[in-house]
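For reference, the structure discussed in these notes is given below.
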Amino acid sequence: VQLQASGGGLVQTGDSLRLSCVASGITFTNYVMGWFRQVPGQKREFRAAINWNGGSKYYSDSLKGRFTISRDNAKNMAYLQMNDLKPEDTAVYYCGAVNPRLHEYTDYTLTDDYDYWGQGTQVTVSS
């Protein structure tokens with residue numbers, strides 16, 4: 001199983017980025033996909049999650065509508081469109097995958113509930 005995140009970079013305040021995550025080795029439609037961020041010395045923090053067909057999306061309340069999660073099941077891809085970026089968005093962003101059928105209960109906001117993680121992509125927003 002491999003999740004590979006990409007699309008990070010150095011941008012200025014107010015810019016946009018689209019992160020991508022490609023999955024291999026899993027039946028993609030069995031998995032909820034999530035995006036988290038992590039800064040040094042802090043826990044990995046939930047940003048957004050999307051169910052198998054994109055019909056349900058979950059976001060951190062702190063995002064205030066700036067980010068949009070999506071997926072393309074034909075390509076085994078998940079995306080995080082990030083708009084109006086702020087310096088406090090600077091972090092390493094990780095994609096994760098969780099199969100709810102393998103768990104009695106799943107909280108998509110918790111890192112411990114995910115089955116697989118990608119390697120992360122750095123997002124840096126300058127002021």
Is Glu45 paired with Arg47 through a side-chain N to carboxylate O contact shorter than 4.0 Å? yes
Closest approach of Pro87 and Thr13, non-hydrogen atoms and distance? CD-OG1, 3.5 Å
Gln38 side, atom CD; Lys43 side, atom NZ - distance, nearest 0.5 Å: 11.0 Å
List the steps and the verdict of side-chain hydrogen bond (donor to acceptor under 3.5 Å, both in side chains) for Thr29 and Asn73. CA-CA 7 Å; Thr29 51; Asn73 288 339; 5.9 Å; no
With a cut-off of 3.5 Å and sequence neighbours excluded, list every side-chain donor-acceptor pair involving residues 104-113.
from	atom 1	to	atom 2	distance (Å)
Asp107	OD1	Thr109	N	2.9
Asp107	OD1	Thr109	OG1	2.6
Asp113	OD2	Asp107	N	2.7

Value rounded to 0.5 Å, distance of OG1 in Thr121 from CZ in Arg37: 15.0 Å
Counting only heavy atoms not in Lys75, do more than 12 sit closer than 6.0 Å to its NZ atom? no
Look at atom CD of Gln119 and say whether more than 12 heavy atoms of other residues, nucleotides or ligands are closer to it than 6.0 Å. yes
Sequence neighbours left out, what passes ring pair (Phe, Tyr, Trp, His ring centres under 6.0 Å) with Trp117? Give chain and number order. Phe36, Tyr114
Would a hydrophobic clustering, with Ile, Leu, Val, Met, Phe, Trp and Tyr connected at side-chain separations under 4.5 Å, put Val11 with Phe67? yes
Does Tyr31 have Arg101 sitting over its ring (NZ/CZ under 6.0 Å from centre, angle to axis within 45°)? no
Would you say Tyr94 and Val123 are hydrophobically clustered, going by side-chain heavy atoms of ILVMFWY under 4.5 Å? no
If you look only at pairs with a residue in residues 2-120, which of them pass as a disulfide bond (SG atoms under 2.5 Å apart), with sequence neighbours excluded? Cys21-Cys95
Same cluster (ILVMFWY, side-chain, under 4.5 Å), Met77 and Tyr116: no
Separation between CZ of Arg44 and CH2 of Trp35, rounded to the nearest 0.5 Å: 12.0 Å
According to a 4.5 Å side-chain heavy-atom criterion applied to Ile, Leu, Val, Met, Phe, Trp and Tyr, with indirect links allowed, do Met82 and Val125 form part of one hydrophobic cluster? yes
Which distance, rounded to the nearest 0.5 Å, do you find between the OG of Ser70 and the CE of Met33? 11.0 Å
Between atom NZ of Lys57 and atom CD1 of Ile50, what is the distance when rounded to the nearest 0.5 Å? 5.0 Å
Candidate list Thr68, Ile69, Asp72, test side chain to side chain contact (heavy atoms under 4.5 Å, CB included), partner Tyr79, passing option: Asp72
How far apart are the closest heavy atoms of Gly120 and Val92, and which atoms are they? CA-CG1, 3.8 Å
Quick one: pull up CG in Leu19 and CD in Gln81 and give me the separation to the nearest 0.5 Å. 8.5 Å
Shortest non-hydrogen contact from Ser16 to Asn83? OG-OD1, 3.0 Å
Ignoring hydrogens and geometry, is there a side-chain-to-backbone donor-acceptor pair from Arg66 to Asp84 under 3.5 Å? yes
The test is side-chain hydrogen bond (donor to acceptor under 3.5 Å, both in side chains); show your working for Gln4 and Ser6 and say whether it passes. CA-CA 7 Å; Gln4 187 166 355; Ser6 62; over 6 Å; no
Could you please spell out the steps behind the side-chain contact (heavy atoms from CB on, under 4.5 Å) verdict for Leu85 and Gln12? CA-CA 8 Å; Leu85 283 162; Gln12 295 185 336; over 6 Å; no
Given the rule that I, L, V, M, F, W and Y join up when any side-chain heavy atoms are under 4.5 Å apart, are Leu80 and Trp52 in one cluster? no
What verdict does the side-chain contact (heavy atoms from CB on, under 4.5 Å) test give for Tyr59 and Phe46, after you've listed the backbone C-alpha separation in whole Å, the side-chain angles of each residue and the deciding distance to 0.1 Å? CA-CA 8 Å; Tyr59 295 97; Phe46 172 74; 5.5 Å; no
Look at the side chain of Asn76 and the backbone N and O of Phe28, then say whether any donor-acceptor pair between them is shorter than 3.5 Å. no
